[in-house]
Amino acid sequence: MKVTTDDYTLEIMQEENKAVITGLMRPATPTASDEVFKDIKNCLESNKEKFILDVSGLSFMNSSGITSLARVIMHAKEFDREILCIIDNSVLWQRKTLNSLHSIWSKFIVQAKEQ
Amino acid sequence: MTIKFSYGLYNEKLVGDPTTSSIQMRFLPLDLIKHWKRCGLTSTFLADFIAYNFSNHKSVLEVMSTILNELIENTTKYSVRKEEKINVYIGISDNSLTIETINNAGEGSANSLQELVKKISEEDTESLFLNQILNAAHQDDNVSGLGLITILKDYPTKFGVKITPAKKEGIYTIHIMVVLNLLDILKELK
C-alpha cells in the first residue's frame, strides 16, 4: 500500500511488517495525520512480529506529527508490539526527538540506519 | 485582570555581538491558516536564507527550519485576529542566532503561555516533553502544546517571553525570543 501526497510518501509493506515514510510531515493538528497512521496501527494489531518503521528519509516532522506518532507508539504498547524505528543519525530532530519517544514504550527502539 | 509578564531573555540586559546578518518578515496568519503548507514554506525559506552563512548549509537548514516552523505555527495558531500581521525576526552575530516572533493573542492563549513558561522554569524539559506528549496523545484533541518544549529540549537555546496588553482590551502582544548558541549547534551537527 502506498500513499503519496505533495509532502510525503508512506509505503506499507505488510508482508515485511514494515513502513517507510519519506518527505516531510507538518500537519496542522495532531489529528490531521491520524488517518495516515491508521494503517500502521492495523498492522500492529494484526501482526505480533517486530514492526519496522523507517523514517530516515523524513526530513521534517512538526510537533503535531510527533504527537500523532506518539499515538502509534501507545497503540503498540497497548498490544505489546515492538517497533524498530530506523533513523538517519545526521538529522538532528530524528536523533533527538525520536529517542525521547522511547520513554513512552520500552519496545519502541530507535536505531540509526547504516551508512 | 490585565496580564503583564516577562521571563528569561526579556529580563536580561542583552549585550550581544553586533548583528552580521538578519532578515525580517511580516505576514498575515490568515494566509497560513488558508494554506497550512505556507508555514513550512516560510520556515524553510527563512532557514535557507540564514543557512547560507554556514558551510554545512544542509544541516543548518534542517535545524533552522525545524525551529522556525514550530515558532511560526504557534504564532499563526494563537494569533487572535488572523488578519493582523505577525512579525518574525532573525539576526545572526558571531556566536549566536536570535529569533523573535511577535503576534497578538487573546487572554486565554496569553494565560496558557504564562502557565507553560512557569512549567518550563520549574521542570526538566525532557520530562515536561514526555508529560505533554502523553497528555496530548490521550486527549485525542487538536492541540499538542509541544512546539516550544521540543525546541528547548532538543537544541541549546535560551529563551524569553514577554506578554503586554495591546491597545484593545483582552488582547495581548506576545513576544517570544529564542537565542541559539551557534557553537553548540555546530558541535551537535558534526
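Protein chains get the first letters and strands the later ones, always in sequence-line order, with residue 1 at the start of each.
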Quick check: is [Y] connected to [X] through a chain of hydrophobic side chains (ILVMFWY, heavy atoms under 4.5 Å apart)?
X: A:L24; Y: A:V91; answer: no
X: B:Y7; Y: B:L71; answer: yes
X: B:I102; Y: B:L113; answer: no
X: B:L30; Y: B:L41; answer: no
X: B:Y155; Y: B:L97; answer: yes

Start with the C-alpha gap between A:R95 and B:D154, add the side-chain angles, then the distance that decides, and say whether side-chain contact (heavy atoms from CB on, under 4.5 Å) holds. CA-CA 9 Å; A:R95 188 174 6 130; B:D154 288 350; over 6 Å; no
### Beyond-backbone contact of B:W36 with A:T29, side-chain heavy atoms, under 4.5 angstrom
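In short, these two side chains do not touch, never coming nearer than 4.5 Å.
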* Asked: Looking at side-chain heavy atoms only, is the closest gap between B:T66 and A:T97 below 4.5 Å?
  ->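 No. Closest side-chain heavy atoms not under 4.5 Å.
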- request: Carefully, step by step, assess A:L92 and B:I185 under the rule side-chain contact (heavy atoms from CB on, under 4.5 Å).
  value: CA-CA 10 Å; A:L92 209 52; B:I185 293 263; 5.6 Å; no
So, taking the atom named [atom1] in [X] and the one named [atom2] in [Y], what distance separates them when rounded to the nearest 0.5 Å?
X: A:Q94; Y: B:E62; atom1: CD; atom2: CD; result: 8.0 Å
X: B:T44; Y: A:F60; atom1: OG1; atom2: CZ; result: 5.0 Å
X: B:T150; Y: A:M61; atom1: OG1; atom2: CE; result: 12.0 Å
X: B:N131; Y: A:S103; atom1: CG; atom2: OG; result: 10.5 Å

Whether over 12 other heavy atoms sit under 6.0 Å from [X] [atom1]:
X: B:K158; atom1: NZ; value: no
X: A:E35; atom1: CD; value: no
X: A:E49; atom1: CD; value: no
X: B:K58; atom1: NZ; value: no
X: A:Q14; atom1: CD; value: no

Between [Y] and [X], is there a side-chain donor-acceptor contact under 3.5 Å, judged purely by atom types and distance?
X: A:N62; Y: B:E73; answer: yes
X: A:R26; Y: B:S65; answer: yes
X: A:S63; Y: B:E70; answer: yes

| query | With a 4.5 angstrom heavy-atom cut-off, which part of B:K37 approaches chain A: side chain, backbone, both or neither? | reply |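 Just the side chain, heavy atoms under 4.5 Å.
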key: Contact summary for A:T67 and B:A136, nearest pair of heavy atoms   =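 That closest heavy-atom pairing would be CG2-CB, 3.6 Å.
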Where is the tightest heavy-atom contact between A:K96 and B:K153, given as atom of each residue plus distance?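 For A:K96 and B:K153, the tightest heavy-atom pair comes out as O-NZ, 3.7 Å.
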Report the option among A:D7, A:D6, A:I66, A:I73 that has the most heavy-atom pairs separated by less than 4.5 Å from atoms of chain B.
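Top option by heavy-atom pairs under 4.5 Å: A:D7.
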Derivation and outcome, side-chain contact (heavy atoms from CB on, under 4.5 Å), residues B:K77 and A:S64: CA-CA 12 Å; B:K77 281 180 187 171; A:S64 293; 3.7 Å; yes
Out of B:V63, B:I149, B:I33, B:N69, which one racks up the most heavy-atom pairs below 4.5 Å with chain A?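 Most heavy-atom pairs within the cutoff with chain A belong to B:N69.
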query: Run the side-chain contact (heavy atoms from CB on, under 4.5 Å) check on B:I67 and A:W93 step by step: do they pass?
result: CA-CA 10 Å; B:I67 295 171; A:W93 79 263; over 6 Å; no
